[in-house]
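Reminder, nothing fancy here: chain letters follow the sequence lines and each chain counts from 1.
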Amino acid sequence: MAEKPSVAIGQVMENRSVAPGHFLLTIQLPLSFATPIPGQFVMIRDPERGEPLLPRPISVYDFQREEGHAILNLLCRVVGRGTSLFSRLNRGSTLTVLGPLGRGFTIDPDVRQVLLVAGGVGAAPLAFLLQEGSLLKPDSGKRKVTAYLGAGTSELLTGLDRFQGFCDLRAATDDGSCGYCGPVTELLAIDLGGYDAKSTLILACGPAAMIRSLDLLLRDTRIRCQVSLEERMACGVGACQGCVVAIKEGEGRIGYRMVCKDGPVFDIGEILWNPSVDG
Amino acid sequence: MAEKPSVAIGQVMENRSVAPGHFLLTIQLPLSFATPIPGQFVMIRDPERGEPLLPRPISVYDFQREEGHAILNLLCRVVGRGTSLFSRLNRGSTLTVLGPLGRGFTIDPDVRQVLLVAGGVGAAPLAFLLQEGSLLKPDSGKRKVTAYLGAGTSELLTGLDRFQGFCDLRAATDDGSCGYCGPVTELLAIDLGGYDAKSTLILACGPAAMIRSLDLLLRDTRIRCQVSLEERMACGVGACQGCVVAIKEGEGRIGYRMVCKDGPVFDIGEILWNPSVDG
Amino acid sequence: MEIEADKKTVVPGRLAVDICGLVLKNPVMTASGTFGYGEEYAPFCDLNRLGAIVVKGLSLEPRQGNPPPRIMETCCGMLNAVGLQNVGVRAFIAEKLPFLRQFNVKVIANIFGETIDEYRRVTEILTRAAGVHAIEVNISCPNVKKGGVAFGAYPDAAAAVTEMVRGETDLPVIVKLTPNVTDITEIARAVESAGADAVSLINTLTGMSVDIERRRPHLANVTGGLSGPAVKPVALRMVWQVVRSVKIPVIGIGGIMTADDALEFLITGASAVQIGTANFIHPAATMEIIDGIEDYMIRHRIGCMKDLIGSLQTDGC
Amino acid sequence: MEIEADKKTVVPGRLAVDICGLVLKNPVMTASGTFGYGEEYAPFCDLNRLGAIVVKGLSLEPRQGNPPPRIMETCCGMLNAVGLQNVGVRAFIAEKLPFLRQFNVKVIANIFGETIDEYRRVTEILTRAAGVHAIEVNISCPNVKKGGVAFGAYPDAAAAVTEMVRGETDLPVIVKLTPNVTDITEIARAVESAGADAVSLINTLTGMSVDIERRRPHLANVTGGLSGPAVKPVALRMVWQVVRSVKIPVIGIGGIMTADDALEFLITGASAVQIGTANFIHPAATMEIIDGIEDYMIRHRIGCMKDLIGSLQTDGC
Ligand SMILES: Cc1cc2nc3c(=O)[nH]c(=O)nc-3n(C[C@H](O)[C@H](O)[C@H](O)COP(=O)(O)OP(=O)(O)OC[C@H]3O[C@@H](n4cnc5c(N)ncnc54)[C@H](O)[C@@H]3O)c2cc1C
Ligand SMILES: Cc1cc2nc3c(=O)[nH]c(=O)nc-3n(C[C@H](O)[C@H](O)[C@H](O)COP(=O)(O)OP(=O)(O)OC[C@H]3O[C@@H](n4cnc5c(N)ncnc54)[C@H](O)[C@@H]3O)c2cc1C
Ligand SMILES: Cc1cc2nc3c(=O)[nH]c(=O)nc-3n(C[C@H](O)[C@H](O)[C@H](O)COP(=O)(O)O)c2cc1C
Ligand SMILES: Cc1cc2nc3c(=O)[nH]c(=O)nc-3n(C[C@H](O)[C@H](O)[C@H](O)COP(=O)(O)O)c2cc1C
Ligand code: FES
Ligand code: FES
């Protein structure tokens, strides 16, 4: 069970550029901050600013407890005004951190092969999952884990070091500068036949285009797949109903689920990509 | 004649706390920035922030040209959100600086005794006037200058060092911790009889209450007095007509003058304090 | 601090307000649609401390709302086109109300319908439920009979809805006004005459935002409701107009983020306030606003809300 | 950069727009009351580069405006209650127009009156002056005959003013609409029928702000007009409504700070834009907006304004 979320004042311990347009935020939190489950996220905001107004959702990349405090790591890509301002935060700046929020990944006991599929900073929640240990349980019998990491170019394969040595690694870059030359889902497609559909679980996070390709790829297989989705958020806690995705409700009906509360992790088969077309 | 104003990107060289709630901002500007006249002000804004929206007017406290750039000093008091954020700017931060703006002090050739009357950070434009040299001209014959500086307590007598040794100094504090115990205008009232009305000029800057007391004090004398006024501003250049003060227009009529363009320095006799009562 | 706490308990009812018979511990409520059904913010707020909780707008049948994207941030504000997604009034009573009944807090049900009869039926059902203390009628909802124009946009339609709800319940009826009108006092007077016990304002201002790269609206619904600090000056102006036009209590809403903002509305004449978008920015906003109002009153030696509400001086302005 | 500059000169008229016969170099104008009479910003802007300058609102006689304080900052916006202080139409022609005539820029005179006849007389005088290229009629001004309600609040009054001005001049007549109405398309259609050549919108939203320490309004006039980024979503929504309701060109105004903001309005269907509050924040805002629009068009391979204006896609939204 997820522990109770809270709002904490975090302090930036380090803000390091890890690739062009990508940065790693290390935030010190009070010990009272609940331990996140892999796939959960936090909403962060600079309390000194009246604008941007809304907090920004960012997945947990790492979480550790040390003497007297907890350390949260976030792997971020500069997208717009909010993330651009975060990228320039200095050591010592404060941030409000709301979390941990949402439903993380669930690994059924019968899963023996886990495929982690990441595009860009989508690697963040998967790296946390890998390191946090959830993949090892329940009988501490080891599962086989293979990570498929994709990015535009080798430089942007952020978080690579958090996978190296902890699982099999397959990389794909759009420009071929590292690993397979092409989308990571193409690389996965090549390998897919080699995995046992019944005991394999795919856990994916990345841009919408990647998730959609994955959906197409898996449509005719019976491989289970959970994906972490992104949608614009206001509250992060299920109060505003702003962050919905369309879900197949049976009998051809559409339903809306909240990414912040019912997700961000969903079974890929539930998702309705374009309600006006598919519904 | 005042040189043409411009908008420059300034860089904070130093931001030093000089007293509780008071700070001295040292800003590096391009050499192209025009030389301010004492009494003129600049409008400053943090370009990284969408909010606060409007720039803040601050008097020039010092201006120097060095190799390759100009150095602007501003003496500020924390009042609200804008000044509070300025007080926390780090070295290296950028600010947009619009200026120099407004009409400064004018010293008629026949003035032989100048009295500088300041309340709190109102000392800023007067310190600049004293140091800049305008008081020495025209025939380089020296004028007698006496500064009356008032503040709540000795700590808050900011800018004192910029007066010491450059003119006669008379201090007043509300708590008597330095100099006269009471408002600076009371101290001036005690001395006033000793000055020759015809050749004396008072230049004053400070809180509205101080300027009003000064007005009452001088009403029955013929001593010339110029005061620097404050009003909320948007544009700083005379375009929005937001910053007006009521002025006696003759025949009992009221007129409005813009503090940013027609001022901030006005003859004290022109000002109508409460139009609904006095008009 | 001990002394602080002590000072505060000297006058236990300092913050209490009575709005048309509804006695609230303090004038701070949550705004409909921004606090879910209470549960969502229970980890961050002591719900017992709230003046009242106004729940998400309820309709007769569940509604799935608009397609995404539903929200977009704007300068000091946000647009939403949630489309009044809700579980429906019956599921609310069965699944959400029992949770709220655990707390010692007034629950106000916000309702809407596409026909006057729908308003009536929702009211009827809620009046029979235990644990609903008042009805807030959202008249910003499009009137399907009148071609989708909001009931709240015209005095006659606003009055008709109010009268129908008023006739159906003994609970206090608060009518929530839309700011998208030429003269909000005209609507306020119409609903007052039709029997409203109080009015609350403002609902969101209709706005829009465009993605210039894709040359499409940011919201799937094209337009949405603007809320947050950006709208506060408009909300406050309308509260000021309405308090001078009606005799019933006025509840101020719109861009209230801090105790200072809430105080602006109370001083202007609002008998209570609702906190909306602020909850998203700071989940414990309501708690800090309650504390801040009390601190202000202590500092200004104001003994009760009556002496604060409407104490704005405008002479000589 | 050489190449950039080169690319830009390939299509010299890329930014040109024709608004009811008024050909502008580019769609960027200054908004009335925010750019003085042009002189004030001459140190910061090349006035020759502007699409047009709309001068401060002119009345028949000089007006001294409201007592201070006249302005207050709000979240991402500002309130002003300048009260239409101006030198009067005759002093404008004698003292301000000669300066503007030195530049190769279209000058639009913004006018207002308290009676329909005052609008007529100001128009008459301006039409005889050399160097005025169009009239913008501010109908947000209180109608003294109708008890101070704005002309622009009701279609009949708005049409009456428009008709009077239209009959008095050969210059293009732009009617500037107020956003403080229930249905802005109704007013737009009324002024279109009455002969307006174009409409511009929005003027300011009425707002208010309170000093809680003194328990007084921040503005001496109590209420003021809200402008700046806070109002942009409302302005854009109204532009979207109006472009689909009238055939005459629409000029978009409200909270435009950057080229991206201006592009939102143009894509939504505004034929030109006006920049107001942004001038105060950044005196060279207009110059950067012009450059930014051109850069966007080059980047998106849009050859002329016609292909940009109204290119918003809303299908499937
Ligand atoms: C559950 C979840 C987990 C995420 N984890 C990460 C992460 O670990 N690392 C990372 O770099 N990014 C992550 N994102 C995406 C991140 O939230 C956006 O990139 C960010 O909000 C963009 O804000 P901005 O102000 O820079 O961009 P702008 O485009 O200026 O933002 C405008 C508005 O749109 C919203 N928005 C824009 N893009 C997105 C998006 N992709 N998802 C949700 N809201 C968006 C913003 O929050 C803001 O409200 C995650 C998103 C979600 C929903
Ligand atoms: C010509 C001139 C010269 C000035 N010189 C100095 C100086 O050298 N040092 C210094 O510390 N202060 C000076 N001030 C005052 C300074 O501008 C205000 O203290 C500052 O604007 C307050 O901003 P804020 O955001 O901190 O306060 P807030 O109260 O949050 O500001 C709200 C709004 O009111 C305006 N405002 C508030 N107080 C004043 C004021 N006294 N005058 C003008 N606008 C105000 C702000 O600019 C802002 O728009 C000067 C003012 C003027 C007009
Ligand atoms: C996401 C969201 C959903 C809302 N849903 C409702 C609703 O269901 N019923 C209603 O009357 N008002 C609704 N509102 C309006 C708010 O209750 C409130 O009137 C408005 O947001 C202004 O207040 P604020 O600026 O404090 O948010 C909603 C507002 C938001 C932001
Ligand atoms: C200080 C000020 C003065 C204004 N004066 C006038 C005026 O005289 N006539 C007019 O039609 N509009 C006037 N306006 C409204 C602006 O022209 C514009 O419509 C409004 O400010 C919205 O645009 P913005 O958000 O870009 O400022 C004024 C606005 C401001 C801020
Ligand atoms: S972000 Fe508010 S419900 Fe998901
Ligand atoms: S600040 Fe705009 S006219 Fe003075």
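- Between B/Cys235 and D/Asn279 the shortest side-chain heavy-atom distance does not fall below 4.5 Å.
- For B/Glu231, the part lying near chain D is the side chain, with the backbone staying farther off; criterion is any non-hydrogen pair under 4.5 Å.
- The backbone N or O of D/Ile71 lies less than 3.5 Å from a partner atom in the side chain of B/Arg232, making a donor-acceptor pair.
- The structure places SG of D/Cys75 at 8.0 Å from CZ of B/Arg81, a figure rounded to the nearest 0.5 Å.
- Considering only residues two or more places apart in sequence or on other chains, D/Arg63 meets the side-chain hydrogen bond (donor to acceptor under 3.5 Å, both in side chains) condition with D/Glu114.
- Only the backbone of B/Ser6 has a heavy atom closer than 4.5 Å to any heavy atom of chain D.
- At least one side-chain heavy atom of B/Leu53 sits less than 4.5 Å from a side-chain heavy atom of D/Thr277.
- For B/Pro52, the parts lying near chain D are the backbone and the side chain together; criterion is any non-hydrogen pair under 4.5 Å.
- Taking D/Glu73, D/Gln64, D/Lys56 one by one and counting their heavy-atom pairs under 4.5 Å with chain B, the maximum is reached by D/Glu73.
- Among the residues in residues 29-49 of chain D, those with a non-hydrogen atom closer than 4.5 angstrom to a non-hydrogen atom of chain B are D/Gly33, D/Thr34, D/Phe35, D/Gly36, D/Glu40, D/Tyr41, D/Pro43, D/Phe44.
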Ignoring hydrogens and angles, write down the donor-acceptor pairs under 3.5 Å from the side chains of residues 79-86 of chain D, residues two or more places apart or on other chains.
residue, atom, partner, partner atom, Å
D/Asn80, OD1, D/Val82, N, 3.2
D/Gln85, OE1, D/Arg70, NH1, 2.5
D/Gln85, OE1, D/Arg70, NH2, 2.8
D/Asn86, OD1, D/Ser59, N, 3.2
D/Asn86, OD1, D/Gly88, N, 2.8
D/Asn86, ND2, D/Ser59, OG, 2.9
D/Asn86, ND2, D/Leu84, O, 3.1

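- For the salt bridge (charged side-chain N to carboxylate O under 4.0 Å, His left out) test, residues two or more places apart in sequence or in another chain that qualify with B/Asp215 are B/Arg219.
- Heavy atoms closer than 4.5 Å to chain D are found in both the backbone and the side chain of B/Leu54.
- Taken to the nearest 0.5 Å, the CE atom of B/Met43 stands 10.0 Å off from the CZ atom of D/Phe280.
- Using a 4.5 Å cut-off on side-chain heavy atoms (C-beta onward), B/Val244 and D/Pro68 make contact.
- Looking at B/Pro5, the atoms closer than 4.5 Å to chain D (heavy atoms on both sides) sit in the backbone and in the side chain alike.
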